[in-house]
J.: 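My questions all concern the structure below.
The basis for the numbers below is simple: all heavy atoms, side chains too, and nothing from hydrogens, waters or symmetry mates. All ligand and atom numbering here is 1-based and tracks the order in the structure. For reference, positions follow the sequence shown, starting with 1.
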Amino acid sequence: MSTSNPSQSPRVDAGRSAHDSPRLLVLARPTLDQAAIQTFLDDEGLAWRRTPTATDPENLVEVAGRVCYLSFGRQQSDKTNAEYISHLVREQHESVLEHATWSFILSGISRGFSHQLVRHRVGFSFSQLSQQYHDETEAPLVMPRAIREIPSASEKWHAAAEKSLDTYRELIGELEEIQTDLPPREQLRLLRTAARSVLPAATETKLVFSANGRALRHFLQVRGTIEGDEEMRLVSALLARIMQEEAPALFADFRVEHLSDGLPVVRQSSASH
Ligand SMILES: Cc1cc2nc3c(=O)[nH]c(=O)nc-3n(C[C@H](O)[C@H](O)[C@H](O)COP(=O)(O)OP(=O)(O)OC[C@H]3O[C@@H](n4cnc5c(N)ncnc54)[C@H](O)[C@@H]3O)c2cc1C
């Protein structure tokens, strides 16, 4: 295992410049309504001893857990927020993690990768760049690092990818000549849908996704350490690092390591299971 910085995921821009690795940004995060919690506590005649450093999502999860047992005031143990959440996870009382939801914008990834990502059905929502509404004639391409490292493979990849994009452009031109009774918007959809069938899996895409804490943990568990999957490792590491800033108590059992190839993997310590 090495601790060197992760290599960037190579990316080829067919038409315009852009960043050359997956980019993941948080668009929205949970905000706790302090007044609402206080109103509830006052109504119930309860007090809640909080961990001063806990973030809003961590406090939200703690409140949800404590409401289950009404473990406020005299019923509250000395556990910190992190200890409380770690206990919930150990006990597999993980539905409380579902209350905390984040929204992200992810770009610089291939369509091949996004197809794997959107397989996560539970606790995830997706909104992805459309190849029916969006013109892909200038679409950037994401080149796998394994190919970049071998000049002859890289050359073949470039040739094939550029040929696909050229064919896409030519098909758009030819299909524009088709006469149909469709309204213009549907005519455009028809030709882009037909032409996109030659676009490579390397075509860059962007998407917004939202996911709750439990779903994000599941994603990191099943996807974070797939050593042969460069993009998955890069995105998982970005996600793990972000979540450890956003809600460290929910993701304390994950760690990002770097393998000898310079790329990160996300591992989970067994202690939390
Ligand atoms: C190493 C690896 C190889 C893979 N190879 C392939 C492949 O060759 N072909 C392929 O099609 N996919 C493949 N996948 C995708 C995989 O099958 C899942 O679709 C994907 O990882 C999403 O995982 P999930 O179903 O656990 O997640 P989610 O869809 O988010 O579901 C989360 C959890 O909810 C529960 N759940 C969800 N839906 C149901 C249900 N209908 N019934 C019962 N429980 C449910 C399960 O506990 C599940 O783990 C692979 C995944 C990995 C990690």
J.: Check each protein residue for a heavy atom under 4.0 Å from ligand 1 and list those that pass, ordered by chain and number.
T.: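 Correct list: R119, H120, R121, V122, H218, V222, R223, I226.
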J.: Please set out all donor-acceptor pairs under 3.5 angstrom arising from side-chain atoms of residues 170-184, sequence neighbours excluded.
T.:
{"from": "Q179", "atom 1": "NE2", "to": "E177", "atom 2": "O", "distance (Å)": "3.4"}
{"from": "T180", "atom 1": "OG1", "to": "L182", "atom 2": "N", "distance (Å)": "3.1"}
{"from": "T180", "atom 1": "OG1", "to": "Q187", "atom 2": "OE1", "distance (Å)": "2.3"}

J.: The criterion is side chain to side chain donor-acceptor pair (under 3.5 Å); which residues satisfy it with S127, sequence neighbours excluded?
T.: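 Partners of S127 by the side chain to side chain donor-acceptor pair (under 3.5 Å) criterion come out as none, since no residue qualifies.
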J.: Any side-chain heavy atom of R29 within less than 4.5 Å of one from V26?
T.: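 Yes; the side chains approach each other to less than 4.5 Å.
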J.: Check this for me: does any side-chain nitrogen of one of E94 and R217 sit under 4.0 Å from a carboxylate oxygen of the other?
T.: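 Counted as a salt bridge, because a side-chain N and a carboxylate O are separated by less than 4.0 Å.
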J.: Can you list the residues that meet the side chain to side chain donor-acceptor pair (under 3.5 Å) rule with H120, with sequence neighbours excluded?
T.: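 Scan of H120 (side chain to side chain donor-acceptor pair (under 3.5 Å), adjacent residues dropped) gives R223.
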J.: Can you confirm whether more than 12 heavy atoms, excluding those of H115, are under 6.0 Å from its NE2 atom?
T.: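 Not more than 12 within 6.0 Å, no.
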